[in-house]
Amino acid sequence: KETLFVIFGLVTPLTIMGMDKQEMPLKRLLLMLAPSPMEESTSKMLGKVSGAMIMNDLNLEIFNSGNQEIIYQLLASLSIEEIQGGTRDV
């Protein structure tokens, strides 16, 4: 039982309803899966990744870019921060 975090770049964008009730194209799909029950450390890390996407426009742009190297660097930074027990604005 492993945790999975995958980013899919869609060849053909899908039209979805945004939080503002406006239609928008979905070009990239981020999928996070974890076993149940989930360890607290896993829950915290997935929460940190989720928070990084919605709380910071720059991080959202990084995920939207699809640039694997930059996304990897961001995830590594979030992981190190979580391991060290530090907090910052995600």
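What you see is a predicted model; the values in this text were computed from it and never measured.
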Examine [X] and [Y] and state if one hydrophobic cluster contains both, with Ile, Leu, Val, Met, Phe, Trp and Tyr joined whenever side-chain heavy atoms are less than 4.5 Å apart.
| X | Y | answer |
| --- | --- | --- |
| Leu30 | Leu58 | yes |
| Phe8 | Leu33 | yes |
| Met45 | Tyr72 | no |
| Ile7 | Leu60 | no |
| Leu31 | Met53 | no |

Legend entry - Residue Met19 excluded, over 12 heavy atoms near CE under 6.0 Å: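 No, the 6.0 Å shell around CE holds no more than 12 heavy atoms from other groups.
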
Legend entry - Over all atoms of both residues, closest heavy-atom pair of Met32 and Phe5: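 Looking at all heavy atoms of both residues, the closest pair is CG-CD1, 3.1 Å.
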
Legend entry - Ile62 and its side-chain contact (heavy atoms from CB on, under 4.5 Å) partner, picked from Asn67, Asp57, Leu75, Ile71: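 Only match with Ile62 under side-chain contact (heavy atoms from CB on, under 4.5 Å): Ile71.
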
Can you tell me how far the [atom1] atom of [X] sits from the [atom2] atom of [Y], to the nearest 0.5 Å?
| X | Y | atom1 | atom2 | result |
| --- | --- | --- | --- | --- |
| Leu74 | Asn56 | CG | CG | 8.5 Å |
| Glu82 | Thr42 | CD | OG1 | 10.0 Å |
| Asn59 | Asn64 | CG | CG | 11.0 Å |
| Lys27 | Met24 | NZ | CE | 9.0 Å |
| Glu23 | Thr15 | CD | OG1 | 6.0 Å |

Inset, instruction - Please confirm whether the backbone N or O of Phe63 pairs with a side-chain atom of Arg28, one donor and one acceptor, at under 3.5 Å? - result: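 Yes.
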
Legend entry - Side-chain donor/acceptor of Ser43 to backbone N/O of Glu39, under 3.5 Å: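 Absent.
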
Inset, instruction - For side chain to side chain contact (heavy atoms under 4.5 Å, CB included), just list the numbers for Met38 and Thr3, CA-CA rounded to whole Å, side-chain angles, deciding distance to a tenth of an Å, and then say yes or no. - result: CA-CA 9 Å; Met38 186 181 345; Thr3 301; 5.7 Å; no

Inset, instruction - Return the set of residues passing salt bridge (charged side-chain N to carboxylate O under 4.0 Å, His left out) with Glu40 (not counting sequence neighbours), or none when no residue passes. - result: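 Only Lys44 meet the salt bridge (charged side-chain N to carboxylate O under 4.0 Å, His left out) criterion with Glu40.
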
